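Because the structure is predicted, anything quoted here is derived from the model rather than measured.
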Amino acid sequence: MKSPLLTLPGAVPAEGVDEGVAAHYGDLFREQRALADGTGFVDLSHRGVVTVSGPERLAWLHLLLTQHVSDLPPHRATEALILSANGHIEHALYLVDDGETVWAHVEPGTQEALIAYLESMKFFYRVEVADRTDDIAVVHLPAGSIAEAPEGAAVRETPYGRDLFLPRADLEAYAEKAGPAAGLLAHEALRVEQHRPRLGFETDHRTIPHELGWIGTAVHLQKGCYRGQETVARVQNLGKPPRRLVFLHLDGSEVHLPPAGTEIRVADDGADGRRIGFVTTSVRHHELGPVALALVKRNVPVDARLLAGETAAAQETVVEP
């Protein structure tokens, strides 16, 4: 779905899964600094929006999600996962309950599969699931923003800012009040700096929550059963995940960033050494320079110098080995 904000001056469309919104508006670092300073907004109107209503919505979602939501207070933001039977991550939901309806935004293009799964699990529960992507747009306000949310809009307030669920028809009018606009690349740069994983970027078909540090923020360890819970409990109590998320400081003399999927090796082993991981997201940060998130094997020493393709990289621990 193409955002009307792509008509703003300087807008350059994003590509791939983020197609439909602006990658930037002509000045990537200025946009990053604005967000870091708590000004402006990010157009996330390409993301899927799903609502769950009905008197049993929270009790029902509690049975399906990794997060404890049966007693979720109104207007408290949380995030949750849906796992496969083997504990692999299938969906990530960023949600809030407004007292009558649960609002969630999800990765672009994943809402149909999510809704199909939710519909298959309704049974006799008094809940209604709806795809609101066509009429509701998500807008992100950074932490510290004093911009006001429109009356009646559902709001997710987190340490990283506020996500607003706005009528899509009001998006352009709100943008005029909340500017300046910052593109998705600026938003992604801050996400990487904050070590926050993203479904489809830091995940593949076998990712489990422990590998990404999603335990605690998206997975509650003291709640009852849900699909994939056996794997979560087994890894938590008896073992370690096979991989771990790391933050990489990349050699700033390189012109090009190593793209997602670039193989990582231990630098001392040289370019022909064995593959020990891969880049998941790489960005240029306005203060840190070129940085990335990556998944590496758990037993890689935390002080090992790495190579991302041909680019030298120093690692910071995100998930403990």
Side-chain angles (χ1 to χ4, degrees), residues 1-51 75 77 94-96 98-101 103-109 111 130-194 196 198 283-287:
M1 186 173 294
K2 188 175 180 179
S3 172
L5 302 189
L6 284 172
T7 60
L8 291 178
V12 175
E15 299 177 346
V17 68
D18 289 320
E19 182 180 4
V21 295
H24 62 85
Y25 295 91
D27 192 337
L28 173 61
F29 290 155
R30 178 192 60 77
E31 294 164 32
Q32 285 187 35
R33 287 191 289 269
L35 293 180
D37 290 341
T39 60
F41 72 96
V42 183
D43 177 12
L44 298 180
S45 62
H46 64 314
R47 291 184 64 82
V49 177
V50 176
T51 60
H75 312 299
Y94 300 85
L95 55 89
V96 67
D98 67 4
E100 297 181 352
T101 300
W103 295 80
H105 65 80
V106 298
E107 288 299 324
Q111 64 271 18
D131 184 350
R132 301 294 304 277
T133 309
D134 286 346
D135 64 301
I136 297 294
V138 179
V139 169
H140 175 76
L141 301 176
S145 170
I146 60 173
E148 295 184 359
E151 185 176 355
V155 179
R156 290 187 70 252
E157 186 159 2
T158 77
Y160 309 106
R162 288 174 288 161
D163 298 333
L164 313 182
F165 295 83
L166 305 178
R168 193 170 289 274
D170 297 344
L171 182 58
E172 290 181 274
Y174 186 75
E176 293 180 2
K177 302 176 182 178
L184 201 67
L185 290 180
H187 187 259
E188 283 289 279
L190 299 188
R191 177 181 72 81
V192 170
E193 177 195 12
Q194 296 154 355
R196 293 188 289 132
R198 184 177 171 190
V283 297
R284 295 193 186 278
H285 191 275
H286 70 287
E287 290 182 340

Quick one: side-chain hydrogen bond (donor to acceptor under 3.5 Å, both in side chains) partners of [X], sequence neighbours excluded?
| X | answer |
| --- | --- |
| E193 | H285 |
| Q32 | H286 |
| R196 | Q194 |

**Q.** Salt bridge flag under 4.0 Å for residues R33 and E287
**A.**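 No, no charged N to carboxylate O under 4.0 Å.
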Q. Taking C-beta and beyond as the side chain, do H75 and V155 meet within less than 4.5 Å on heavy atoms?
A.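 No, their side chains stay 4.5 Å or more apart.
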Q: Of all the heavy-atom pairs spanning L28 and A186, show the shortest one and how long it is.
A: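 For L28 and A186, the tightest heavy-atom pair comes out as CD1-N, 3.7 Å.
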Q.
Please list all pairs meeting salt bridge (charged side-chain N to carboxylate O under 4.0 Å, His left out) that have one or both residues in residues 151-161, counting only residues at least two apart or in different chains.
A.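 Listed once each, the pairs are R156-D163.
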**Q.** salt bridge (charged side-chain N to carboxylate O under 4.0 Å, His left out) contacts touching residues 171-180 (sequence neighbours left out)
**A.**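 Sorted result for residues 171-180: empty, none.
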Test of understanding: with side chain to side chain contact (heavy atoms under 4.5 Å, CB included), list the residues that count as partners of [X], not counting sequence neighbours.
| X | answer |
| --- | --- |
| S145 | L141, P142, A147, R162 |
| Q111 | V50, V106, D131, T133 |
| A130 | T51, R132 |

Distance-only criterion, 3.5 Å: show the donor-acceptor pairs between side-chain atoms of residues 2-16 and protein atoms not counting sequence neighbours.
| unit_1 | atom_1 | unit_2 | atom_2 | d |
| --- | --- | --- | --- | --- |
| S3 | OG | L5 | N | 3.1 |
| S3 | OG | D43 | OD2 | 2.5 |
| T7 | OG1 | P4 | O | 2.7 |

Q) Does the R47 side chain pair with the main chain of P108, one donor and one acceptor, at a distance under 3.5 Å? A)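 Pair absent, no side-chain N/O of R47 close to backbone of P108.
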Q.
According to ring pair (Phe, Tyr, Trp, His ring centres under 6.0 Å), does anything in residues 153-187 pair up with another residue at least two apart or in another chain? List the pairs.
A.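 Matches after skipping sequence neighbours: W103-F165, H105-F165, H140-H187.
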Sequence neighbours left out, cut at 3.5 Å: what donor-acceptor pairs do the side chains of residues 19-27 make with other protein atoms?
| unit_1 | atom_1 | unit_2 | atom_2 | d |
| --- | --- | --- | --- | --- |
| H24 | ND1 | G26 | N | 3.0 |
| D27 | OD1 | R30 | N | 3.2 |

Q) Looking at CG of L95 and OG1 of T101, how far apart are the two atoms once the value is rounded to the nearest 0.5 Å? A)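 Answer rounded to 0.5 Å: 12.5 Å.
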Q | Atom pair CG (L184) and CG (D18), whose distance is rounded to the nearest 0.5 Å | A |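 Between atom CG of L184 and atom CG of D18 there are 4.5 Å.
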Q | Stepwise side chain to side chain contact (heavy atoms under 4.5 Å, CB included) test for H46 and V17 | A | CA-CA 9 Å; H46 64 314; V17 68; over 6 Å; no
